[in-house]
Amino acid sequence: YADSGTLIFVLEDSCGGGIRQELAWQIRNALPSCRICGKDIGKNFVTHGSIQSLYRAYGIDGESICNDIVEVLSNEK
């Protein structure tokens, strides 16, 4: 956050749970100038599988998160 003014957070939660929205609201109140980007597993039913394969499928594995961060930060310029 300090260098870019952007805060990116990833939750192992569905978008319908309200956690992402509440977290974004609290951050916005504390840091009004902060650009907030959140990611979760979406609203679809999560199939069964290994944690690694599910994280990869829903874009919350390390590589996917890294790629998302690079994309978000490159769009700031």
Side-chain angles (χ1 to χ4, degrees):
Y1 168 76
D3 292 336
S4 70
T6 299
L7 181 64
I8 302 168
F9 59 92
V10 179
L11 299 173
E12 185 187 66
D13 184 26
S14 67
C15 68
I19 295 172
R20 186 174 82 174
Q21 293 84 353
E22 180 63 25
L23 182 57
W25 176 255
Q26 294 298 327
I27 293 167
R28 175 67 64 206
N29 284 336
L31 304 166
S33 64
C34 180
R35 179 176 175 214
I36 302 167
C37 298
K39 184 171 186 166
D40 55 35
I41 61 172
K43 62 182 179 179
N44 297 324
F45 176 78
V46 176
T47 59
H48 297 299
S50 72
I51 292 173
Q52 291 173 332
S53 66
L54 291 172
Y55 279 11
R56 188 173 31 259
Y58 291 95
I60 59 172
D61 62 306
E63 183 178 354
S64 298
I65 292 168
C66 182
N67 291 337
D68 288 345
I69 291 170
V70 169
E71 181 179 344
V72 166
L73 294 179
S74 69
N75 288 333
E76 289 186 346
K77 297 177 182 174

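Worth saying up front: this structure is predicted, and the values here are computed from it rather than measured.
More than 12 heavy atoms of other shown residues, nucleotides or ligands fall within 6.0 angstrom of atom CD in Gln26.
Between Glu71 and Asn67, every side-chain heavy-atom pair lies at or beyond the 4.5 Å cut-off. A 4.5 Å side-chain heavy-atom check between Tyr58 and Thr47 finds at least one atom pair inside the cut-off. Contact check for Asp68 versus Ile8: no side-chain heavy atoms found under the 4.5 Å cut-off.
If you take NZ on Lys39 and CD on Glu12, they are separated by 13.5 Å, rounding to the nearest 0.5 Å. In this structure, Cys37 SG and Arg20 CZ are separated by 10.0 Å, a value rounded to the nearest 0.5 Å.
Residues Ile36 and Trp25 do not share a hydrophobic cluster, defined by chaining ILVMFWY side chains whose heavy atoms lie under 4.5 Å apart. Linking ILVMFWY side-chain heavy atoms closer than 4.5 Å, directly or via other members, places Val10 and Val70 in two distinct hydrophobic clusters.
Panel note: side chain Ser64, backbone Asp61; no donor-acceptor pair is recorded below 3.5 Å.
The minimum heavy-atom distance linking Gly49 with Leu54 is given by the pair O-CD1, 3.4 Å. In plain terms, the two heavy atoms of Ile27 and Cys34 that are nearest each other are CG2-SG, 4.3 Å.
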